[in-house]
Asks: 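Let me begin by handing over the structure; questions about it come next.
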Amino acid sequence: MALFALGTSLCIALATLISAEVVKAVGGPMALSRWRMLIGFLMLVAIATVVGGWGSVSARHFPLILLSSLVAIVVADPALNAGIALIGARRTGLIFSLSAPFAAVLGFLVLGETLGPSQLVGCVLVTCGIVIAVGFKHGPATRPEAAHKSFVHAEVRLSAAGVLLAVLAAFGQAVGILSMRPVMLDHPDPFAVMALRGLVAVVVLWAYHLGSPKTWKSGTWKSGTWKSGTWKSGIGIPDGQTLARVSLGVFIGYVAGMSMLMIALTGTSVAVASTLSSMAPVAILPMLWLRTGNRLAWPSWVGACVTVLGTAVLFWR
């Protein structure tokens, strides 16, 4: 089951790369979260219906699903997107990896989960590897044609707001994973569970957006008819290309990635699942290299090796 958590980190890394490139085009972090949740919900509903997974979820699961959605999606997802916009994907990913130690502590305090010696060593190695790999700046872009892509993923000035938002996202992710552990021990269909989590997020995020006066400020009422502003401008529908890229990121990071994390929680402790799924900051480094042409500094390779070693320890029996 731990392999599914590892797969989650790869999916999240690729989805983060896509999010960093479309967050401004879609209208900002909150807009990106709204559209990601809506698209992801529709995808998951279709999948859960096809596989017949709705009957595996019972009413006793709903309170924990509700808690997980409110904390990990409604709060943490916009915070993560805002952190990416403020301090960049690399720094946000580094801070977001704190979700692993947060989850380990919460798992011990709330669920009474403990780690064996090898698991503890593996979790520490993975966390240290992430810090080493992501905590250093990388070389300049080496390909002139990658200048624009490098600018999109460029480092920006470190801000307290960005750091706090990334920490909030990490803690929210940890609480969300912790909440889903008891649910997934009953082996419900992961797509149905994720669809229900998405439904809560869709209702809250879109209700907040549509209920805000700022959403409709571009239009006016005249002779009983709404003028200037339209339902399309109020909702803020992205262009087709942007919507397609958002959909791709949603399928990779949310539908596939988070569903794999739900599967991992059926047979893996909260601490181990969180640690393996938090390796996205390391996984994203070679992706950024290929995308922008930025050379990886030697600490990145050292950190990646330490992370791989920690992963091997976690899988060792």
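Just so you know, these numbers use all the heavy atoms, side chains as well, and skip hydrogens, waters and symmetry mates.
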Asks: For Val200, run the side-chain contact (heavy atoms from CB on, under 4.5 Å) check against Leu67, Leu66, Leu205 and tell me which one passes.
Replies: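 The single option meeting the side-chain contact (heavy atoms from CB on, under 4.5 Å) with Val200 is Leu66.
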Asks: If you link ILVMFWY side chains whenever their heavy atoms are less than 4.5 Å apart, which other residues fall into the same cluster as Val75? By chain and number, please.
Replies: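 Members other than Val75 - counting any ILVMFWY side chain reachable under 4.5 Å - are Leu168.
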Asks: Answer whether the closest heavy-atom distance between the side chains of Arg34 and Trp206 falls below 4.5 Å.
Replies: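 Yes, close enough: below the 4.5 Å cut-off.
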Asks: What's the spacing between Ser247 OG and Leu38 CG if we round to 0.5 Å?
Replies: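 Atom-to-atom, Ser247:OG and Leu38:CG are 9.5 Å apart.
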Asks: What heavy-atom pair brings Ala256 and Ile252 nearest, and what distance separates the two atoms?
Replies: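 Smallest heavy-atom distance, with atoms named: CB-O, 3.6 Å.
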Asks: Is it true that Met258 and Leu185 fall in one hydrophobic cluster, defined by side-chain heavy atoms closer than 4.5 Å?
Replies: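 No, no single cluster joins them.
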Asks: Give, for atom CG of Asp189 and atom CG of Leu44, the distance between the pair rounded to the nearest 0.5 Å.
Replies: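 Separation between the atoms: 9.5 Å.
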Asks: Compare every heavy atom of Ser99 with every heavy atom of Ala174, then report the nearest pair and how far apart it is.
Replies: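 What the structure gives for the nearest pair is CB-O, 3.6 Å.
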Asks: Are the side chain of Asp239 and the backbone of Gln241 linked by a donor-acceptor contact shorter than 3.5 Å?
Replies: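 Pair found, side chain donor or acceptor close to backbone of Gln241.
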Asks: Is there a donor-acceptor pair closer than 3.5 Å between any side-chain N or O of Thr8 and the backbone N or O of Gly257?
Replies: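 Here the side-chain-to-backbone pair exists.
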Asks: Between CE of Met180 and CG of Leu261, what distance do you get to the nearest 0.5 Å?
Replies: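 So the CE of Met180 and the CG of Leu261 are separated by 9.5 Å.
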Asks: Do Val183 and Pro188 come close enough that some side-chain heavy atom pair is under 4.5 Å?
Replies: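 When only atoms from C-beta onward are counted, Pro188 and Val183 do touch, with a gap below 4.5 Å.
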Asks: Between Arg36 and Asp77, is any pair of side-chain heavy atoms under 4.5 Å apart?
Replies: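 Yes. Closest side-chain heavy atoms under 4.5 Å.
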Asks: Restricting to non-hydrogen atoms, name the atom on Ser259 and the atom on Pro190 that form the minimum distance, rounded to 0.1 Å.
Replies: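 Result for this residue pair: O-CB, 3.9 Å.
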Asks: Could you list the residues that satisfy side chain to side chain contact (heavy atoms under 4.5 Å, CB included) with Leu178, not counting sequence neighbours?
Replies: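 Leu178: side chain to side chain contact (heavy atoms under 4.5 Å, CB included) contacts with Leu106, Val110, Leu111, Val270.
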Asks: Of all residues at least two apart in sequence or in a different chain, which pass the side chain to side chain contact (heavy atoms under 4.5 Å, CB included) check with Ala13?
Replies: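 Once residues adjacent in sequence are excluded, the partners of Ala13 under the side chain to side chain contact (heavy atoms under 4.5 Å, CB included) criterion are Ala280, Ala283, Ile284, Met287.
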Asks: Is there side-chain contact between His209 and Met30, with heavy atoms separated by less than 4.5 Å?
Replies: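 Counting from C-beta outward, His209 and Met30 never come under 4.5 Å.
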Asks: Among all residues two or more places apart in sequence or in another chain, which pass the side chain to side chain donor-acceptor pair (under 3.5 Å) test with Ser56?
Replies: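 Testing Ser56 for side chain to side chain donor-acceptor pair (under 3.5 Å), a comparison that skips the adjacent residues, returns none.
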Asks: Roughly how far, to the nearest 0.5 Å, is CG of Leu10 from OG of Ser277?
Replies: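 Here the interatomic distance stands at 11.0 Å.
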Asks: Looking at Phe191, Phe251, Tyr254, which hits side-chain contact (heavy atoms from CB on, under 4.5 Å) with Met43?
Replies: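 With Met43 as partner, Phe191, Phe251, Tyr254 yield a single side-chain contact (heavy atoms from CB on, under 4.5 Å), made by Phe251.
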Asks: Using the side-chain hydrogen bond (donor to acceptor under 3.5 Å, both in side chains) rule, collect all pairs that involve residues 62-76, keeping only residues at least two apart or in two chains.
Replies: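 Pairs touching residues 62-76 that pass the test: Ser68-Arg197.
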Asks: What heavy-atom pair brings Ser274 and Ile177 nearest, and what distance separates the two atoms?
Replies: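 Distance-wise, the nearest heavy atoms are OG-CD1, 3.6 Å.
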Asks: Ignoring hydrogens, what is the shortest heavy-atom contact between Ala192 and Val57? Give both atom names and the distance.
Replies: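 Ala192 and Val57 have their closest heavy atoms at CB-CG2, 3.8 Å.
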Asks: Give, for atom CZ of Arg245 and atom CG of Leu248, the distance between the pair rounded to the nearest 0.5 Å.
Replies: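 Arg245 CZ to Leu248 CG: 9.0 Å, rounded to 0.5 Å.
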Asks: When you compare the side chain of Val203 with that of Phe41, does any pair of heavy atoms fall below 4.5 Å?
Replies: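 Not in contact.
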Asks: Test your reading of the model: is there a side-chain donor-acceptor pair from Arg181 to the backbone of Leu265, 3.5 Å cut-off?
Replies: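 Yes, Arg181 side chain to Leu265 backbone: donor-acceptor pair under 3.5 Å.
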Asks: Tell me every residue that passes side chain to side chain contact (heavy atoms under 4.5 Å, CB included) with Leu243, counting only those two or more places apart in sequence or in another chain.
Replies: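 Residues passing side chain to side chain contact (heavy atoms under 4.5 Å, CB included) with Leu243: Trp35, Ile39, Pro238.
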Asks: Check whether Leu164 and Phe102 end up in the same hydrophobic cluster, where Ile, Leu, Val, Met, Phe, Trp and Tyr are linked by side-chain heavy atoms less than 4.5 Å apart.
Replies: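 Different clusters.
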Asks: Can you name the nearest heavy-atom pair linking Pro182 to Leu64, along with the distance?
Replies: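 Minimum heavy-atom separation between Pro182 and Leu64: CB-CD1, 3.9 Å.
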Asks: To the nearest 0.5 Å, what is the distance between NE2 on His61 and CE on Met184?
Replies: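 So the NE2 of His61 and the CE of Met184 are separated by 9.0 Å.
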Asks: Below 4.5 Å, heavy atoms only, C-beta onward: do Leu80 and Phe96 meet side chain to side chain?
Replies: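 Heavy-atom side-chain distance check passes, below 4.5 Å.
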Asks: Are Asp186 and Arg60 side-chain neighbours, meaning at least one heavy-atom pair lies under 4.5 Å?
Replies: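 Of all side-chain heavy-atom pairs linking Arg60 with Asp186, at least one is under 4.5 Å.
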